[in-house]
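First listed ligand is number 1; within each ligand, the first listed atom is number 1. Along the sequence shown, residues are numbered consecutively beginning with 1. Model, not experiment: these values are computed from the prediction. Reckoned from all heavy atoms, side chains included, excluding hydrogens, waters and symmetry mates.
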Amino acid sequence: MGSVGAKEVPVLLSPEGLRIDGRHLEELRSIRIVAGALHGADGSAFVEWGANKVMAAVYGPREVHPRHLQQNNKAIVQCRYNMAAFSVDERKRPGLDRRSQEISKVISEAFESVIFAEEFPRTSIDIYIEVLQANAGTRCAGVVAASVALADAGIPMVDLLPAVAVGKVGGAIALDLKKEEDNYGEADLPMALVPQSGRLVLLQMEGHMTREELAKALDLGVTGCRAIYEKMKQALRDRYASGGGAA
Ligand code: ADP
């Protein structure tokens, strides 16, 4: 443990360049994606990503609630991201706090930009993301789960949306931050992109990076997203190769 001011902080990068969990700077945590994990939803997916566990369910296109939100020329895309009260070590107050509202909004906007919403006027496409266990990067795990769930529901989209957070830890740019790196690192930059075009549809940043570091982080994030994209496609292939039944 080193110390910064009065606060004890863990050593995030060893002299050999290894991270707190032994990963290299450009290494992802392990990821497992199960498409079609729920019976009741039109589409669903479960993602285990490092110590994150995230479930996504998609309903729609269906009738809009509340009705005044209905749009005559396209479907509306509504996402609700929620962290279970038991998902973090410190007990979290249940319900929609400002952080959850912000994440729900940025994820809704990301999917609005890839779903062919004009094919389903006057309807709603509802995405529910439930974080059951959180260890940083849950908004990205939520995007990945929701994206596979949307594909599972047969919603037409430009493409799947892989997502990952890159950041700066111990002075170095690192892929896919875990909790200690998110808490004590210098920067955290979640992103989601359309793999074919490279268009970013979600990009946020907390902390500080130089212009050069930002460019490096974006490159690393794109590489990470492309690796995650392959796992998302494989999860959908597995789902339909196994006959398409929900678990
Ligand atoms: P993300 O999960 O997308 O990285 P944040 O950067 O806001 O989003 O959060 C980082 C991590 O901090 C979360 O994944 C979770 O482990 C933890 N965390 C977030 N909100 C709370 C909270 N209200 N109580 C306890 N831990 C939290």
Side-chain angles (χ1 to χ4, degrees), residues 7-10 12 19-21 23 25 27-33 45-56 79-111 127-149 161-170 172-193 200-209 213-214 217-218 220-222 224-225 227-228 231-232:
K7 215 161 59 174
E8 287 292 320
V9 302
L12 294 177
R19 294 155 68 179
I20 196 158
D21 56 1
R23 273 184 297 156
L25 287 168
E27 198 176 331
L28 290 165
R29 291 175 287 183
S30 66
I31 302 179
R32 190 172 77 93
I33 306 172
F46 180 59
V47 170
E48 276 186 76
W49 184 339
N52 291 316
K53 292 183 200 285
V54 178
M55 183 70 88
C79 174
R80 198 197 70 164
Y81 163 103
N82 182 53
M83 266 189 9
F86 52 79
S87 64
V88 287
D89 294 340
E90 320 89 83
R91 187 179 174 281
K92 181 196 164 286
R93 279 179 63 187
L96 277 185
D97 52 14
R98 283 184 59 182
R99 174 179 170 277
S100 304
Q101 285 176 23
E102 171 221 312
I103 295 176
S104 300
K105 182 167 187 292
V106 294
I107 295 180
S108 296
E109 288 170 358
F111 283 114
I127 304 167
Y128 297 92
I129 296 170
E130 293 290 330
V131 178
L132 307 178
Q133 190 169 288
N135 191 281
T138 60
R139 76 195 65 202
C140 296
V143 169
V144 168
S147 188
V148 173
L161 278 188
V164 74
V166 267
K168 187 175 168 188
V169 292
I173 300 303
L175 182 63
D176 187 18
L177 308 190
K178 73 183 300 253
K179 182 90 187 329
E180 293 85 346
E181 297 177 320
D182 182 296
N183 284 4
Y184 300 109
E186 298 96 296
D188 173 33
L189 187 120
M191 59 192 271
L193 91 158
L200 287 166
V201 291
L202 186 156
L203 183 64
Q204 300 183 280
M205 184 163 128
E206 209 182 311
H208 299 281
M209 281 188 195
E213 286 168 342
L214 180 61
L218 288 171
L220 186 55
V222 169
C225 281
I228 293 159
K231 293 178 193 288
M232 296 165 80

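The ligand atoms of ligand 1 that sit less than 4.0 angstrom from a heavy atom of Asp188 are 6 (O). Listed by number with element, the atoms of ligand 1 under 4.0 Å from a non-hydrogen atom of Ala134 are 14 (O), 15 (C), 16 (O). Annotation for ligand 1: atoms under 4.0 Å from non-hydrogen atoms of Asp182 are 4 (O), 6 (O), 10 (C). Near Asn135, the atoms of ligand 1 lying under 4.0 angstrom from a non-hydrogen atom of the residue are 14 (O), 16 (O).
Side-chain contact check for Val54 versus Tyr81: every heavy-atom pair is 4.5 Å or farther apart. Inter-residue side-chain proximity for Leu218 and Leu200 is flagged as met; some heavy-atom pair is nearer than 4.5 Å. Put simply, the side chain of Arg29 reaches to within 4.5 Å of the side chain of Arg23, judged on heavy atoms.
Of the protein's heavy atoms, Arg139 NH2, 3.5 Å lies nearest to atom 5 (P) of ligand 1. Among all non-hydrogen protein atoms, the one lying nearest atom 27 (C) of ligand 1 is Val88 CG1, 3.7 Å. From the protein, the heavy atom lying nearest to atom 23 (N) of ligand 1 is Lys92 CG, 3.6 Å. The closest protein non-hydrogen atom to atom 21 (C) of ligand 1 is Met83 CE, 3.7 Å. With hydrogens left out, the protein atom closest to atom 9 (O) of ligand 1 is Arg99 NH2, 3.6 Å, a heavy atom.
In terms of polar-atom proximity, Thr138 is counted as a contact of ligand 1, with an N or O under 3.5 Å from an N or O of the ligand. Some N or O of Ala136 is nearer than 3.5 Å to an N or O of ligand 1, by distance alone. For ligand 1, one of its N or O atoms has an N or O atom of Gly137 under 3.5 Å away. Close N/O approach between Glu206 and ligand 1 is not found [any backbone or side-chain N/O within under 3.5 Å].
A salt bridge does not link Arg98 with Glu102: none of the charged nitrogens is closer than 4.0 Å to a carboxylate oxygen.
The closest donor-acceptor contact from the side chain of Ser100 to the backbone of Asn82 lies at 3.5 Å or more, if one exists at all. In terms of modelled atom types and a separation under 3.5 Å, the side chain of Asn52 and the main chain of Asn135 share a donor-acceptor contact. Checked by atom type and distance alone, the side chain of Glu213 never pairs as donor or acceptor with a backbone atom of Ile173 at under 3.5 Å.
Which of Glu90, Glu181, Lys179 comes nearest to atom 16 (O) of ligand 1 through a heavy atom is settled by distance: it is Lys179.
Here the straight-line distance linking atom NZ of Lys168 with atom CG of Leu12 works out to 12.5 Å at 0.5 Å rounding.
Not a single heavy atom of Pro190 sits closer than 4.0 Å to an atom of ligand 1.
With Cys79 as the partner, the side chain to side chain contact (heavy atoms under 4.5 Å, CB included) test is satisfied by one option alone out of Ile127, Val106, Ile103, Val143: Ile127.
Counted within 6.0 Å of CD on Glu206, heavy atoms from surrounding residues, nucleotides or ligands total 12 or fewer; the atom is thus considered open.
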